[in-house]
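Inspection log for the structure reproduced underneath, given as C-alpha cells.
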Amino acid sequence: MYYLNVDIPVERFLKIVQNPLYVDKSLLIDQMASTVGNELGHDICITRPRRFGKTVNANMLAAYYCKEYNTKDIFDRLKISKCDSYEEHLNQYNVIYIDFSRMEDDCSSYSEYINPIKEKLKNDLKSKYNITIESYDNIFDCFYKTHDKFIFILDEWDSILYEDFMEESDEKKYFKFLRDLIKDQTYVVMAYMTGILPIVKHSSGSDLNNFTEYNFINDRRYNEYFGFTEDEVKHLCNQNPDIKYSDLEYWYDGYYTNNGKKLFNPRSVRNAFDNRYCDNYWTSTGPMSEIADCIEDNIDDVRDDMIQLISGTPVEVDLMEYLDKDDNLDTRDEILSSMVIFGFLTYHDDCLLIPNHELMLKFEKILNRKDMGDYHEIVKKSKLMLKATQDKDEELLASMIEEAHDKEVDLFHYNDENSLACLLTVCYIYARKFYKVRREETTGKGRCDMIFIPRRSHKPAMIIELKVKGTPQEAIDQIINKNYIEKVKDYKEILLVGITYNPDSSHTDYKKHQCKIVQYK
C-alpha cells in the first residue's frame, strides 16, 4: 500500500512519543471527535507556519484513526485516554494518508507529480477491495466502487505550489484534483488538511469552500495544539535543567493563541534542548527572502514599519481582510499579512510584532542590505556607535545620533521618546551580537528605556535613558533614583547613558542631541 492504511505515520508517531522531548498534544483528538462523520463540517484545514507541529499531529491522527493497526497501547499513555470520546473512534477507519511534500525523483512537471499520486491511490483501492479500475476512471469513481468510508489526512497540501515548474493552469488542475477527491463525496468521513497557505482563499471560486479553515488569526478551537505553550516549555525545562526558561522565552516565544496564551516555536525549542544551546534553528532562506525583496522595492511605508518593529514598537494594522493573500505582494497590507502567514511576524490585538530574538536576527539582516538606503548607512556605523558608548566618548556619540537623525527618514524626525528609541535601536544594531537588547524593560521602580544585558562576561552592561526636553544628567539621575540598575547589578561594569533631544530652538540650552555617559560604582 502507498496511501491506504499505511504504517508510515504510525511508526513516525511511535518514534515521536518515545522521544524525551515529546509534548503531548493528543487532546486535539478529543477536539475533533465531533467532526468525524459530521456532514456539516467534517472538512478541516489547519494552516500554520513551518515547523509548528502540523506533520506531528497529522501522524498522530492517522495512527489514532487507522483500523489496520492496534495503537491503543500508544494512546493509553496519553491525555486523550482520559476523555469520554477516547475509544469511540480509536482504530475504526480506513485512512488515506498523503504527504504532498513527497514527490518522485527528477520530478520536473505537474503531470509527473500528480499522475503517480493518482496511480498509487488507484492501486491501493484495487489491491484492498479487489475491484476493477479502468484507465479512464476518475479518482472519485474508484472510491465509490469500494462502497466503503474513509478519513483523509492530507499533509502539506500547498508544498507543490512552491515548485518552479508550476504554472497557473497547473494550479487549477491541482485544485480540481483536490475538489474531485474530497468535496461533497459521501465516502469521506472526514478530511484533515494542513499547509502554510490558506486553502479556501487561495483556490479560485468555490473549489474547496467545503473546508473550515483555522489559522493563526481565527483559530479558537485548535490553537493550543500547534506550538508549545508556556506551561509545556516550563515542564521541559524542569526535565532538562541545562537550558533556562528565560533563554527559551527570549529566543523562541512571541506567538499567541487567540485567547492570549503564549506560544513558542516547537522546532527551535526542541533543537535548543538537543544541542543544549539557544541559536537560530528555524529561519532560513525562502519566503522571507521574497518578502525582503518586496520591502526593498520602493515600498517606503513597509520600510518604516520594519524599523518600528525592530525597535520593539508594535505596528497597529487590521489584517483580517488581507490574510487570504500570498502572492502579488504589491501593497503594505499584503506584505505584512504574508509575513504573518509565514510566521515571521505575530499578530495579536490588532498589532504586529517581531515575535522573538530568533526572528529579530532575520530582520536585522534586511537592514544590512544596500537597497535599504539610509537605513543601511545607519546600520553600517552601528559598530562605531557601540565603541563610542563603551569608550564614553560623549561628543562622538551625540554627533553620530545627530547624523542618523538628519537622514531622509521620516520616522526619525521625532518629537517624542518612542521615535528617538526607534532611531537608537537601528544605531545599536551591531550591539545585538554581544547583548540582549531590551526596550521598556521593567526593573527597579519603573521601566527602563533601553537596557543592554551582556552575552559575554567581559562586556559592560549598559542602561540608556532617553528624554525629550531635558538634560542628560536628569536622565542619569532617573536611572539611579528609580534603581534601573537592579536588572544588571551583578555585572562588574555598568555604563549609564543619558541621551536627550530638545526640539525647541528658542531654548537657551538648545542643542538637538546631548549625551552623558558615566560608569556606575
Side-chain angles (χ1 to χ4, degrees), residues 230 244-247 249-250 253-254 256 260 262 307-316 348-349 351 353-357 360 385-386 389-390 392 394 397-398 401 405 411-412 414-429 431-432 434-455 459-504 509 512-521:
E230 182 178 8
K244 294 180 181 179
Y245 174 78
S246 59
D247 291 335
E249 184 180 35
Y250 175 70
D253 188 16
Y256 296 91
K262 290 184 174 183
I307 299 302
Q308 280 192 252
L309 290 166
I310 290 171
S311 74
T313 303
V315 172
E316 293 188 15
H348 183 61
D349 288 342
C351 287
L353 283 169
I354 296 174
N356 48 46
H357 181 64
M360 184 66 76
M385 182 93 165
L386 177 61
T389 308
Q390 293 175 340
K392 307 182 192 66
E394 298 169 347
L397 182 60
I401 298 172
H405 175 264
L411 186 63
F412 296 159
Y414 46 72
N415 288 301
D416 58 67
E417 291 176 12
N418 181 63
S419 297
L420 176 55
C422 289
L423 170 63
L424 289 176
T425 300
V426 180
C427 289
Y428 279 107
I429 282 290
R432 293 179 186 270
F434 309 102
Y435 292 91
K436 293 180 181 179
V437 181
R438 306 286 180 90
R439 273 197 60 197
E440 295 295 324
E441 181 80 355
T442 300
T443 178
K445 300 175 183 177
R447 289 181 177 271
C448 178
D449 285 332
M450 299 184 74
I451 187 166
F452 294 67
I453 302 173
R455 297 179 182 278
K459 296 289 183 181
M462 302 191 304
I463 300 174
I464 297 179
E465 186 63 25
L466 312 173
K467 283 198 174 297
V468 173
K469 297 182 180 179
T471 67
Q473 186 59 54
E474 289 174 345
I476 297 292
D477 291 342
Q478 181 172 324
I479 295 173
I480 296 172
N481 295 334
K482 291 195 174 183
N483 194 26
Y484 292 163
I485 293 96
E486 176 66 26
K487 206 74 156 187
V488 292
K489 63 182 180 182
D490 295 329
Y491 288 90
K492 292 181 180 180
E493 186 178 0
I494 304 172
L495 297 181
L496 311 184
V497 184
I499 301 175
T500 62
Y501 167 71
N502 194 331
D504 185 1
D509 295 328
K512 280 190 176 179
H513 294 86
Q514 292 178 299
C515 301
K516 187 174 181 65
I517 307 171
V518 300
Q519 183 162 339
Y520 180 75
K521 296 182 180 179

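- Looking only at distances, a side-chain donor or acceptor of Glu474 sits under 3.5 Å from a matching main-chain atom of Thr471.
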Show your reasoning for whether side chain to side chain contact (heavy atoms under 4.5 Å, CB included) applies to Met450 and Ile463. CA-CA 6 Å; Met450 299 184 74; Ile463 300 174; over 6 Å; no
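- The shortest side-chain heavy-atom distance between Lys436 and Asp247 falls under the 4.5 Å cut-off.
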Set out, in order, the CA-CA distance, both residues' side-chain angles and the distance that settles salt bridge (charged side-chain N to carboxylate O under 4.0 Å, His left out) for Lys482 and Asp477, then state yes or no. CA-CA 8 Å; Lys482 291 195 174 183; Asp477 291 342; over 6 Å; no
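- Using a 4.5 Å cut-off on side-chain heavy atoms (C-beta onward), Pro355 and Tyr256 make no contact.
- For the pairing with Gln308, the side chain to side chain contact (heavy atoms under 4.5 Å, CB included) check across Thr425, Val315, Ile354 returns one residue only, Val315.
- With Asp449 contributing its side chain and Leu466 its backbone, the two residues share a donor-acceptor pair below 3.5 Å.
- The shortest heavy-atom contact between Thr313 and Leu353 is C-CD2, 4.4 Å.
- Rounded to the nearest 0.5 Å, atoms SG (Cys448) and CD (Glu440) are 8.5 Å apart.
- The distance from the CG atom of Asn481 to the CD1 atom of Ile476 is 11.0 Å, given to the nearest 0.5 Å.
- Side-chain atoms of Pro460 and Ile494, non-hydrogen and from C-beta on, never get closer than 4.5 Å to each other.
- Within the 4.5 Å cutoff, the side chain of Leu397 has no heavy atoms near those of the Lys392 side chain.
- For the pair Ile499 and Pro472, the minimum side-chain heavy-atom distance is 4.5 Å or more.
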For Tyr428 and Phe452, run ring pair (Phe, Tyr, Trp, His ring centres under 6.0 Å): C-alpha distance rounded to whole Å, both residues' side-chain angles, the deciding distance at 0.1 Å, then the answer. CA-CA 10 Å; Tyr428 279 107; Phe452 294 67; 5.2 Å; yes
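- Between the side chains of Tyr484 and Gln478, at least one donor-acceptor pair of N or O atoms lies under 3.5 Å.
- Taken from CD1 in Ile485 to OG1 in Thr443, the straight-line distance is 8.0 Å, to the nearest 0.5 Å.
- Within 6.0 Å of CD in Glu316 there are 12 or fewer heavy atoms belonging to other residues, nucleotides or ligands.
- Under the 4.5 Å side-chain criterion, counting only non-hydrogen atoms from C-beta, Val488 is not in contact with Asp490.
- The line from CZ of Arg439 to CD1 of Ile310 is 12.5 Å long, rounded to the nearest 0.5 Å.
- Looking at every heavy atom in both residues, His348 comes nearest to Gly260 through CE1-CA, 3.7 Å.
- Electrostatic pairing of Glu441 and Lys487 counts as a salt bridge here, judged by a charged N lying under 4.0 Å from a carboxylate O.
- Between His405 and Tyr501, the angle of the ring planes lies from 30° to 60°, which puts this pair in the tilted group.
- The shortest distance between side-chain heavy atoms of Asn483 and Lys489 does not fall below 4.5 Å.
- Tyr250 and His357 have parallel rings, their planes meeting at less than 30° on a 0 to 90° scale where 60° marks the start of perpendicular.
- Atom NZ of Lys469 sits about 13.0 Å away from atom OG1 of Thr500, to the nearest 0.5 Å.
- Annotation: the span from Ile517 atom CD1 to Leu495 atom CG amounts to 7.5 Å, rounded to 0.5 Å.
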Could you give me the CA-CA distance, side-chain angles and deciding distance for Lys262 and Glu249, then say whether salt bridge (charged side-chain N to carboxylate O under 4.0 Å, His left out) is met? CA-CA 10 Å; Lys262 290 184 174 183; Glu249 184 180 35; 2.6 Å; yes
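- In this structure the side chain of Tyr520 reaches within 4.5 angstrom of the side chain of Leu496, judged on heavy atoms.
- Ala461 and Tyr435 make their closest contact through CA-CE2, 4.4 Å (heavy atoms, listed as atom of the first residue, atom of the second, distance).
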